[in-house]
Colleague: 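What follows is a single structure, and I will ask about it in a moment.
Lettering follows sequence order; numbering is per chain, from 1.
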Amino acid sequence: MQMEKLVSLCKRRGFLFQSSEIYGGLNGFWDYGPLGVELKRNLKAAWWRDMVNGHDDTRPVYGSPTSYEMTGLDCTIIMHPQVWKCSGHYDLFHDYMVDCRESKRRYRHDQVRGRWVEAKGQRIFVTTMVEAEQEEAEVQARALKFFHLRAKNAEELKWDSGFQSLTEVEDLERVLGPDARALGTLTPPREFNLMFKTYVGALSGEEGTAFLRPETAQGIFVNFKNVVDSSRVRVPFGIAQIGKSFRNEITPRNFTFRSREFEQMEIEFFCHPNSSQDWYRYWRDRRMQWYQEMGLAGERLRLREHDPEELSHYSTGTADIEYAFPFLPPGEFGELEGIAHRGDFDLRSHMEGKLDETTQPLQVELGPEGKPKWKGSGRDLTYRDDLTGERYIPHVIEPSAGADRAVLAFLCEAYTEDEAPDEKGVLQKRVVMRLHPRLAPLKAAVFPLVKKDGMPEIAQEIYRTLKPHWPVFYDEKGAVGRRYRRQDEAGTPYCITVDSQTLKDRTVTIRDRDTLEQTRIPIADCLEEIRQRLQ
RNA sequence: GCGGGUGUAGCUCAGUGGUAGAGCAACAGCCUUCCAAGCUGAAGAUGAGGGUUCGAUUCCCUUCACCCGCUCCA
């Protein structure tokens with residue numbers, strides 16, 4: 001499938017538009033049109049129903065280790081700035097970057113290290129990005145090369161500092177970039193704000209600086225105690241949230257895949273440390289199964305367990321659910337959802353202060369004065385099991401899904417070109433969106449076969465019966481075959497047609513989008529028939 | 001952020017330093033008794049800004065967006 005065809009269809013039929021298109025568009029922002037909004041709402045509703053609302057709290061489901069409870073939350077997009085300092089996003093998303101004009105590479109300013117060296121009357125700062133064990137040899141080799149010296153003349157190099165970070169160097173004209181041959185090819189450090197900054201209060205100033213959330217998860221962690229205290233849930237339980245998040249992607253690309261404003265569907269599942277591995281595996285498999293049930297059944301969907309070296313230090317397991325999007329090179333997959341075992345990292349960070357994720361066991365990251373770099377809330381976020389009396393910090397399993405990415409995957413998977421016979425029985429190309437009926441924006445269309453003989457009136461009667469229950473489309477214009485094809489493109493699973501036989505016995509045909517089969521049913525059964533087929 | 005490419009009607013594409021064409025779609029109507037192609041009619045476009053020019057959709061500059069590659073990717 002060519003991505004261009006899908007993008008074209010999405011625009012033509014009203015699934016997706018570029019944001020602010022009449023002003024030339026805005027990079028990394030997309031709008032959902034009339035069909036798209038229904039599709040996305042259906043997806044989120046299906047997720048909420050299957051994970052939260054419809055969940056049976058009283059017994060194990062889908063092979064869960066035990067029964068568990070599920071509840072929901074909807075918190076603000078702008079939160080206290082300290083939330084992002086303790087979560088680690090502030091440090092992680094506030095990088096200063098330098099670009100090399102020569103090598104076209106980009107480096108994190110604080111990760112470039114080097115030494116001052118003098119030779120032949122010139123003093124320069126030689127940098128490298130190699131591992132610490134090799135940096136001494138690497139820097140020497142690069143310095144020799146720069147000064148056109150042989151290795152045996154290494155003593156001509158006068159080192160006048162140990163290794164230091166590029167952040168301590170002011171004169172970039174005297175810096176030899178990590179991959180450069182010439183001096184002074186690095187640009188001044190530029191701040192990369194991966195979080196959107198905003199100001200709380202009418203007077204903007206640094207003290208009012210806040211951020212649009214880069215993920216919904218933190219709102220759940222900071223409300224953990226509120227939910228426990230107010231809802232009678234007990235561990236194990238999950239808190240779900242759907243909402244917009246914002247990230248200043250460096251390279252938004254590939255349609256909606258990497259958008260700067262996007263929607264997440266996240267669960268933070270709290271469990272006892274002893275059972276967390278079982279719960280991790282449960283959620284990993286359960287979430288995979290969900291996508292399959294919703295129609296991503298083929299080999300384009302895969303579950304990929306992270307390698308140990310890929311894992312955060314505090315995580316004992318992370319898996320991605322990935323889809324082979326058509327815009328990716330063959331064999332490559334894009335992430336739809338990550339299921340991460342996060343241990344007690346988040347709750348502890350909001351309690352004690354931001355933890356240093358490179359420590360084991362985890363310790364609070366300290367600032368220059370030996371105090372916590374980012375101070376936590378100081379609130380007690382431990383959980384007390386009032387049956388056993390045990391008090392502990394729950395471990396967290398985080399299934400975090402991208403709603404827009406899921407929509408995109410379902411659109412890609414649904415797009416099909418097949419052949420259907422025309423009125424002469426000749427096969428004609430047909431574009432059909434094979435969306436799962438639960439996701440389809442329109443559940444049914446109702447047509448009079450021809451616009452006369454009282455057929456429109458009967459068709460409208462059926463339409464009015466169905467419309468209070470689902471989005472249903474009425475169409476009486478043009479040839480019926482054309483109307484079927486239009487619905488195929490929109491992904492409408494069922495078409496009901498009033499014909500001459502309807503006038504005699506009050507029956508209609510119902511046509512299946514995928515098989516093209518038509519069944520004749522009484523008008524009175526339409527509502528129930530559609531209802532059953534949608535399940 | 002870098003390099004290359006592309007921006008003309010809702011879509012797919014023509015074309016020209018001098019009034020911008022077509023097919024399909026959509027719309028109004030006709031005709032139509034089950035899978036887009038019949039007839040009639042009307043409507044609709046040079047991404048934005050600036051420059052050169054008597055005149056720019058065309059040439060130049062800037063900008064925005066999209067595509068490809070690199071870079072980045074919590």
Side-chain angles (χ1 to χ4, degrees), chain A residues 2-5 7-14 17-30 33 84 87-95 97-108 179 187 190 192 194-195 214-215 217-218 245-255 257-258 310 312 318 327 329 334-335 338 340 357 400 418-432 447-453 455 476-489 495-503 508-513 515-518 520:
Chain A
Q2 292 150 9
M3 205 54 203
E4 294 162 28
K5 287 186 174 179
V7 174
S8 170
L9 182 143
C10 282
K11 181 177 182 192
R12 182 158 42 84
R13 294 308 307 263
F17 308 125
Q18 208 178 353
S19 168
S20 318
E21 196 194 73
I22 62 169
Y23 287 107
L26 190 59
N27 191 275
F29 295 88
W30 298 88
W84 306 112
S87 71
H89 290 87
Y90 183 85
D91 291 343
L92 201 58
F93 283 9
H94 268 77
D95 296 334
M97 309 288 283
V98 293
D99 289 308
C100 179
R101 297 186 190 94
E102 182 187 319
S103 69
K104 305 299 181 196
R105 289 175 179 271
R106 172 176 294 159
Y107 315 96
R108 268 182 56 178
D179 298 284
T187 63
R190 281 175 290 190
F192 273 65
L194 267 48
M195 282 197 291
E215 64 171 37
Q218 297 304 321
S245 293
F246 304 82
R247 294 180 192 183
N248 252 325
E249 297 291 349
I250 295 172
T251 315
R253 210 171 272 194
N254 291 330
F255 208 17
F257 183 77
R258 185 164 286 158
E310 248 185 300
S312 310
T318 297
F327 48 76
E335 182 181 342
E357 58 182 67
S400 169
D418 67 3
E419 291 187 319
D422 66 10
E423 55 187 351
K424 300 186 184 79
V426 182
L427 286 177
Q428 297 287 343
K429 216 174 78 170
R430 176 176 82 129
V431 173
V432 51
F447 309 145
L449 186 58
V450 289
K451 197 165 61 173
K452 60 181 185 186
D453 300 339
M455 290 183 200
E476 59 179 29
K477 299 187 188 82
V480 73
R482 180 187 300 253
R483 284 177 265 159
Y484 285 140
R485 296 299 172 87
R486 273 201 282 253
Q487 293 306 318
D488 290 339
E489 256 190 3
C495 291
I496 292 169
T497 304
V498 170
D499 59 11
S500 55
Q501 194 173 330
T502 309
L503 307 176
V508 291
T509 60
I510 177 165
R511 169 213 189 244
D512 183 276
R513 176 195 68 201
T515 64
L516 301 178
E517 277 174 15
Q518 288 183 293
R520 188 164 282 279

Colleague: If only atom types and distance count, is the side chain of A:R483 paired as donor or acceptor with the main-chain N or O of A:P448 below 3.5 Å?
Modeller: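 Between the backbone of A:P448 and the side chain of A:R483 there is a qualifying donor-acceptor contact (under 3.5 Å).
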Colleague: Please give the distance between the C1' atoms of B:A45 and B:A25 as a whole number of Å.
Modeller: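 It works out to 15 Å between them.
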Colleague: What is the distance, rounded to the nearest whole Å, between atom CZ of A:R258 and atom P of B:C66?
Modeller: 14 Å
Colleague: Tell me, do A:W84 and A:P214 make a side-chain contact under 4.5 Å, heavy atoms counted?
Modeller: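 Yes, side chains in contact.
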Colleague: Begin with the C-alpha distance, continue with both residues' side-chain angles, and end with the deciding distance and a verdict on salt bridge (Lys or Arg N to Asp or Glu O under 4.0 Å) for A:R430 and A:E489.
Modeller: CA-CA 8 Å; A:R430 176 176 82 129; A:E489 256 190 3; over 6 Å; no
Colleague: Using a 4.0 Å heavy-atom cut-off across all strands, classify A:Q518 as base, sugar-phosphate, or nothing.
Modeller: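 If one applies the 4.0 Å heavy-atom cut-off, A:Q518 turns out to touch a base.
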Colleague: According to the Watson-Crick and G-U wobble definition with distances under 3.5 Å, which dot-bracket string, read 5' to 3', encodes RNA chain B, using [ ] for crossing pairs and | for pairs with another strand?
Modeller: (((((((..((((....[..))))..((((.......)))).....(((((..]....))))))))))))....
Colleague: Hey, is the main chain of A:T515 close enough, under 3.5 Å, to the side chain of A:D512 for a donor-acceptor pair?
Modeller: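 Yes, because the side chain of A:D512 sits within donor-acceptor range (under 3.5 Å) of the backbone of A:T515.
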Colleague: Between A:W30 (side chain only) and A:F255 (backbone N and O only), is there a donor and an acceptor less than 3.5 Å apart?
Modeller: yes
Colleague: Between A:E21 and A:K11, is the closest basic N to carboxylate O distance under 4.0 Å?
Modeller: yes
Colleague: Can you list the residues that meet the side chain to side chain contact (heavy atoms under 4.5 Å, CB included) rule with A:V450, with sequence neighbours excluded?
Modeller: A:K452, A:M455
Colleague: Work out how far the P atom of B:U53 is from that of B:G1, and round it to whole angstrom.
Modeller: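 Straight-line distance between the two P atoms is 34 Å.
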Colleague: Can you measure from CG (A:N27) to OG (A:S20) and round to the nearest 0.5 angstrom?
Modeller: 11.5 Å
Colleague: For B:A14 versus B:A20, give the span between their C1' atoms, rounded off to a whole number of Å.
Modeller: 10 Å
Colleague: Measuring from A:S500:OG to A:L449:CG, what's the distance to the nearest 0.5 Å?
Modeller: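 Here the interatomic distance stands at 7.5 Å.
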Colleague: Considering only side-chain heavy atoms of A:L26, which listed nucleotide, B:C34, B:U33, B:A65, is closest?
Modeller: B:A65
Colleague: Tell me: CZ of A:R511 to P of B:C35, nearest whole Å?
Modeller: 10 Å
Colleague: Compare the minimum distances between each of B:C68, B:A36, B:C72 and the side chain of A:E489, then state the nucleotide with the smallest one.
Modeller: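 Within the option list, the nearest is B:A36.
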Colleague: So for A:R482 and B:C35, does any side-chain atom that can act as donor or acceptor lie under 3.5 Å from a complementary atom in the base?
Modeller: no
Colleague: Among the nucleotides B:C34, B:C68, B:U32, which one has an atom lying closest to any side-chain atom of A:R520?
Modeller: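 Looking only at heavy atoms from C-beta outward on A:R520, the closest nucleotide is B:C34.
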Colleague: Of A:V432, A:V431, A:L516, A:D488, which meets side-chain contact (heavy atoms from CB on, under 4.5 Å) against A:D418?
Modeller: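 With A:D418 as partner, A:V432, A:V431, A:L516, A:D488 yield a single side-chain contact (heavy atoms from CB on, under 4.5 Å), made by A:V432.
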Colleague: So A:F255, base contact, sugar-phosphate only, or nothing? Heavy-atom distance under 4.0 Å.
Modeller: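 Sugar-phosphate only.
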Colleague: With a 4.0 Å cut-off on heavy atoms, is A:R483 in touch with a base, just the backbone sugar-phosphate, or nothing at all?
Modeller: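 The residue A:R483 makes no contact with any strand.
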Colleague: In whole angstrom, what separates A:E249's CD from B:U71's C1'?
Modeller: 14 Å
Colleague: What integer number of Å spans the P atoms of B:C24 and B:U58?
Modeller: 30 Å
Colleague: Confirm from the modelled atom types if A:R253 and B:G69 form a donor-acceptor pair under 3.5 Å, side chain to base only.
Modeller: yes
Colleague: In whole Å, I'd like the distance from the CD1 atom of A:I22 to the C1' atom of B:C64.
Modeller: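 Whole-Å distance recorded here is 14 Å.
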Colleague: Which sits closer to the 5' end of RNA chain B, A:P329 or A:Y23, going by the nucleotide each is nearest to?
Modeller: A:Y23
Colleague: Roughly how many Å apart are B:G49 and B:A65, using the C1' atom of each and rounding to a whole number?
Modeller: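 Nearest-Å result for B:A65 against B:G49 at atom C1': 15 Å.
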Colleague: Using the C1' atom on both, measure B:G18 against B:U46 and round to a whole Å.
Modeller: 16 Å
Colleague: For a quick check of understanding: with a heavy-atom distance under 4.0 Å over all strands, which category does A:D488 fall into, base, sugar-phosphate or nothing?
Modeller: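 Since no nucleic acid heavy atom lies under 4.0 Å of A:D488, the category is nothing.
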Colleague: I want to verify a distance call: between B:C68, B:C34, B:A65, whose nearest atom is closest to the A:N254 side chain?
Modeller: B:C68
Colleague: Rounded to the nearest angstrom, tell me the gap between atom CZ in A:F327 and atom P in B:C68.
Modeller: 9 Å
Colleague: How far does CG of A:D499 sit from OG1 of A:T509, to the nearest 0.5 angstrom?
Modeller: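 Answer for the CG-OG1 pair, A:D499 versus A:T509, is 5.5 Å.
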Colleague: Round to the nearest Å and state the distance from A:F257 atom CZ to B:C67 atom C1'.
Modeller: 17 Å
Colleague: Hey, which of these two, A:F29 or A:K452, hits RNA chain B nearer its 5' end, going by closest nucleotide?
Modeller: A:K452
Colleague: Determine the interatomic distance between P on B:U19 and the same-named atom on B:A56; round to the nearest Å.
Modeller: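 Taking atom P in both B:U19 and B:A56, they lie 12 Å apart.
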Colleague: Produce the list of close N/O pairs, under 3.5 Å, pairing protein atoms with atoms of nucleotides 11-13 of chain B; give distances to one decimal.
Modeller:
residue : atom : partner : partner atom : Å
B:C11   : OP1  : A:K11   : NZ           : 2.7
B:C11   : O3'  : A:S8    : OG           : 3.4

Colleague: Report the distance from atom NZ of A:K477 to atom C1' of B:A28, rounded to the nearest whole Å.
Modeller: 10 Å
Colleague: Would you check if A:R253 and A:R258 make a side-chain contact, meaning some heavy-atom pair closer than 4.5 Å?
Modeller: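 Not touching, per the 4.5 Å side-chain cut-off.
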Colleague: Within this structure, what is the CG-to-C1' distance between A:D179 and B:C70, rounded to whole angstrom?
Modeller: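 It works out to 14 Å between those atoms.
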Colleague: Just call it for A:E335: base, sugar-phosphate, or nothing, with non-hydrogen atoms closer than 4.0 Å on any strand.
Modeller: nothing
Colleague: Using the P atom on both, measure B:G15 against B:G29 and round to a whole Å.
Modeller: 38 Å
